[in-house]
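Just so we're clear, the structure is a prediction, and the values are computed from it rather than from any experiment.
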Amino acid sequence: MQPDPSDAYEALVQFLYRAPIGLAQIAPDGTVDMLNPMASSLLMPIARNSGLDNLYAVLAPIAPQLPQLAGAFREPSGVICEGLRAPLPPELTAPGSPQVLAISLMKLDSERLMAVVTDATLEVQREQETLLRRLRNAARTDALTRMPNREAVREQLQHLVTRPLSAGDFAVLFMNCDRFRQINDTLGQAAGDELLVQIADRIRGALRPPSDRIDTIGGRGQLAARVGGDEFVVVLDGMRSREDAERVAGRILDALARPFRVQGQEVVCGTSLGLAWGADTLLGGARDADEVLRDAGIAMVEAKRAGGARHLVFAASMRERAERRAGIEAELRQALAEEQLFVVYQPVVGLLPDGGTDYAAGVEALVRWRHPVRGIVPPVEFIGVAEECGLIGALGDFVLERSCRDFMDWRARLGEAAPRRIAVNLSRAQLGQPGWIDSVRRVLQVTGIAPEQLQLEVTESLAAQDQGIQQRLHELKALGIQLALDDFGTGYSSLSSLHLLPVDTVKIDRSFVCQADTSQHHRVLIEATVKVAQSLGMKTVAEGIETASQAEVVRAQNCAKGQGYFYSRPLASDDLLAWLASHEAIAA
């Protein structure tokens with residue numbers, strides 16, 4: 001039995017009438033031959049007063065390219081365009097009505113085209129939400145380690161800070177690598193990046209269960225993040241006690257204490273960790289995520305100041321000290337700008353073999369701060385702050401140039417009676433500053449001081465630890481400048497490695513000298529240092545001589561020079577000249 005053609009036609013009409021998409025059959029010029037109800041519904045808000053006789057005319061405000069696309073299509077049939085997105089202008093939309101239409105155009109034959117029009121508003125909104133979610137996740141992820149970043153930590157912490165205390169406690173672990181800058185400078189940035197990735201992996205591995213993110217804000221668990229440079233943070237939620245958080249901290253530090261393998265080299269990079277216990281820091285005055293992070297960071301700095309490779313728990317007294325240091329930092333910046341800093345000079349005397357004393361052997365330059373309100377600020381109160389905040393380089397450069405100028409002034413005024421050498425302390429910041437050797441060369445030129453009259457001093461621990469620093473020392477040596485190893489006996493080098501360092505003078509630390517007249521052990525250490533230094537062609541200076549008996553002991557041990565309160569306290573420039581004159585008069 002053949003199907004009734006009228007039934008098939010009726011079914012097609014019913015399909016077109018009920019179809020949830022807009023269908024329009026048009027002529028090549030856009031004239032509408034057939035339009036189903038859904039197409040009329042979607043197009044009517046656009047057409048308004050112009051009618052629906054020509055599809056191209058109706059869609060001209062939102063899809064003017066349709067006639068050109070159709071005219072350029074040369075195939076006998078096929079898809080001209082598919083899923084063309086056409087946002088509707090705000091004036092053509094109403095609340096709840098379509099905001100975006102999707103338009104497809106197909107060529108049926110030379111005389112007929114079929115247009116499909118659908119409401120793409122929800123689809124576009126879903127795509128935008130997906131994109132925003134991806135962008136948000138990207139904005140919360142560290143590109144190098146693929147860990148969450150500071151923004152993710154702040155978001156999680158903000159939830160923890162604002163929820164009721166009864167919901168459970170949390171802890172924040174703030175970590176900073178103790179020697180990352182030296183490793184990065186020595187091995188290069190690529191090696192530094194590789195080390196950071198390994199550190200991130202070890203932190204994740206030390207957490208139980210191993211996880212580096214919390215997918216639902218408010219969920220209980222662990223979040224490990226890199227918050228900048230070589231700084232990492234772990235947020236622990238749902239902790240039963242502070243001791244549990246400290247055990248996690250210890251586990252992480254143990255994991256990070258093991259040597260790393262970076263570009264074929266074994267690298268040890270200790271970590272300082274500050275722990276902020278949620279209840280304590282909130283009760284102590286922290287009000288939001290940033291302040292909790294600040295407190296954990298303060299504890300980390302205290303751990304680093306205590307020697308590094310350890311963890312400390314935040315206490316309110318730490319915040320008070322940090323605020324005082326911040327105040328000193330601000331005032332110190334002002335002091336540099338307003339020339340409140342000045343230089344004093346402590347004499348370094350020659351211990352002559354015949355028992356005499358050469359009072360014009362040299363001086364050591366030391367910085368002081370004349371505060372407009374507090375008076376003279378001791379160096380112990382601001383040198384450490386200057387190192388932490390990055391001002392030590394500028395401070396050291398000020399001392400270097402000022403002391404060289406003063407030295408040349410003394411030479412002009414006193415001639416041969418003036419000190420023959422001036423010693424200036426160096427910091428890591430200066431030695432690590434690109435182009436700093438050129439700055440030293442400039443000081444030599446503008447002041448006129450001879451290179452051999454300038455002695456630059458570096459601490460034993462600094463000279464022994466870093467190959468980059470040793471390279472800079474060799475560059476200074478090439479300029480003809482004298483180099484001294486300060487505080488010898490307190491750092492990392494030893495007598496057996498002394499020959500590896502490019503220094504001319506070894507300064508024996510005051511901790512040995514102060515017991516030289518009462519301890520045979522310390523006398524033996526001084527004697528051994530002097531003999532090894534002499535065998536290497538180096539001079540020795542005994543620091544911190546405070547009594548006549550100490551002076552006698554170091555002279556008996558053949559120290560070349562001595563320095564300390566027994567001879568003189570640090571003096572202002574004019575007072576130094578008076579001191580020199582008084583000893584010259586006594587000698588006469």
Side-chain angles (χ1 to χ4, degrees), residues 133-163 168-178 180 184 192-239 244-257 260 269-278 281-282 286 288-301 303-304 311-314:
R133 187 164 56 251
R134 289 176 179 172
L135 291 174
R136 181 170 173 269
N137 288 337
R140 297 167 72 249
T141 302
D142 174 57
L144 177 64
T145 63
R146 308 311 303 167
M147 275 181 156
N149 60 14
R150 178 179 288 270
E151 188 57 36
V153 171
R154 290 182 69 255
E155 185 176 343
Q156 174 66 4
L157 274 180
Q158 196 58 40
H159 165 79
L160 298 178
V161 167
T162 56
R163 75 183 183 186
D169 217 331
F170 66 93
V172 178
L173 315 182
F174 198 113
M175 289 160 276
N176 179 262
C177 304
D178 293 331
F180 179 77
N184 200 49
D193 288 347
E194 182 181 339
L195 176 59
L196 290 173
V197 170
Q198 293 188 38
I199 289 172
D201 289 341
R202 289 202 187 173
I203 292 174
R204 282 185 285 237
L207 296 175
R208 298 176 185 166
S211 169
D212 67 352
R213 62 180 297 144
I214 298 176
D215 291 314
T216 303
I217 295 300
R220 301 166 78 82
Q222 304 164 334
L223 181 146
R226 179 184 177 216
V227 295
D230 57 336
E231 294 179 336
F232 295 83
V233 164
V234 170
V235 180
L236 303 172
D237 186 20
M239 303 302 293
D244 288 343
E246 291 193 67
R247 278 191 286 272
V248 175
R251 195 161 65 236
I252 293 174
L253 290 183
D254 288 344
L256 297 178
F260 295 88
C269 184
T271 303
S272 297
L273 186 152
L275 190 157
W277 182 242
T281 190
L282 294 178
D288 56 28
D290 289 328
E291 293 186 350
V292 174
L293 276 174
R294 176 205 61 192
D295 288 349
I298 288 172
M300 179 275 294
V301 171
K304 192 175 289 288
H311 83 270
L312 289 179
V313 179
F314 173 79

Is the closest side-chain heavy-atom distance between Phe232 and Leu196 below 4.5 Å?
-> yes
Taking the side chain from Arg251 and the backbone from Ala206, do they hold a donor-acceptor pair closer than 3.5 Å?
-> yes
Indicate yes or no: at least one non-hydrogen side-chain atom of Glu291 is less than 4.5 angstrom from one of Val161.
-> no
Heavy-atom pair with the smallest gap, counting every atom of Glu231 and Met300 | OE2-CE, 4.3 Å
What are the two closest non-hydrogen atoms of Leu312 and Ala299, and how far apart are they?
-> O-CB, 3.6 Å
In short, Val292 meets Ala276 closest at the heavy-atom pair O-CB, 4.2 Å
Backbone of Ala255 reached by a side-chain donor or acceptor of Arg202 within 3.5 Å = yes
Can you name the nearest heavy-atom pair linking Met147 to Arg226, along with the distance?
-> SD-N, 3.7 Å
Go through the side-chain N and O atoms of Ser272 and Asp178 and say whether any donor and acceptor fall under 3.5 Å apart.
-> yes
Would you mind reporting whether Trp277 and Met239 have side-chain heavy atoms less than 4.5 Å apart?
-> yes
Note, His311 side chain near Leu173 side chain (heavy atom, < 4.5 Å) | no
Below 4.5 Å, heavy atoms only, C-beta onward: do Val227 and Phe174 meet side chain to side chain?
-> yes
Mind checking side chain to side chain donor-acceptor pair (under 3.5 Å) for Asp254 and listing every partner two or more places apart, or none if nothing turns up?
-> none
Ala225 and Asn149: which non-hydrogen atoms are nearest, and at how many Å?
-> CB-O, 4.1 Å
Hey, could you give me the CG/CD distance between Leu275 and Glu246, rounded to the nearest 0.5 Å?
-> 6.0 Å
Show your reasoning for whether side chain to side chain contact (heavy atoms under 4.5 Å, CB included) applies to Phe314 and Val172.
-> CA-CA 10 Å; Phe314 173 79; Val172 178; over 6 Å; no
Could you go through the side chain to side chain contact (heavy atoms under 4.5 Å, CB included) check for Leu207 and Ile252 one step at a time?
-> CA-CA 8 Å; Leu207 296 175; Ile252 293 174; 4.1 Å; yes
Spatial distance of atom CG (Leu293) from atom CD1 (Ile298) [nearest 0.5 Å] = 11.0 Å
Atom pair NE2/CG of His159 and Asp237 - distance to nearest 0.5 Å | 7.0 Å
Measure from the side-chain N and O atoms of Gln158 to the backbone N and O of Ala289, and report whether any donor-acceptor pair falls under 3.5 Å.
-> yes
Separation between CG (Asp230) and CD1 (Ile199), nearest 0.5 Å, reads 7.5 Å
Measure from the side-chain N and O atoms of Thr281 to the backbone N and O of Gly278, and report whether any donor-acceptor pair falls under 3.5 Å.
-> no
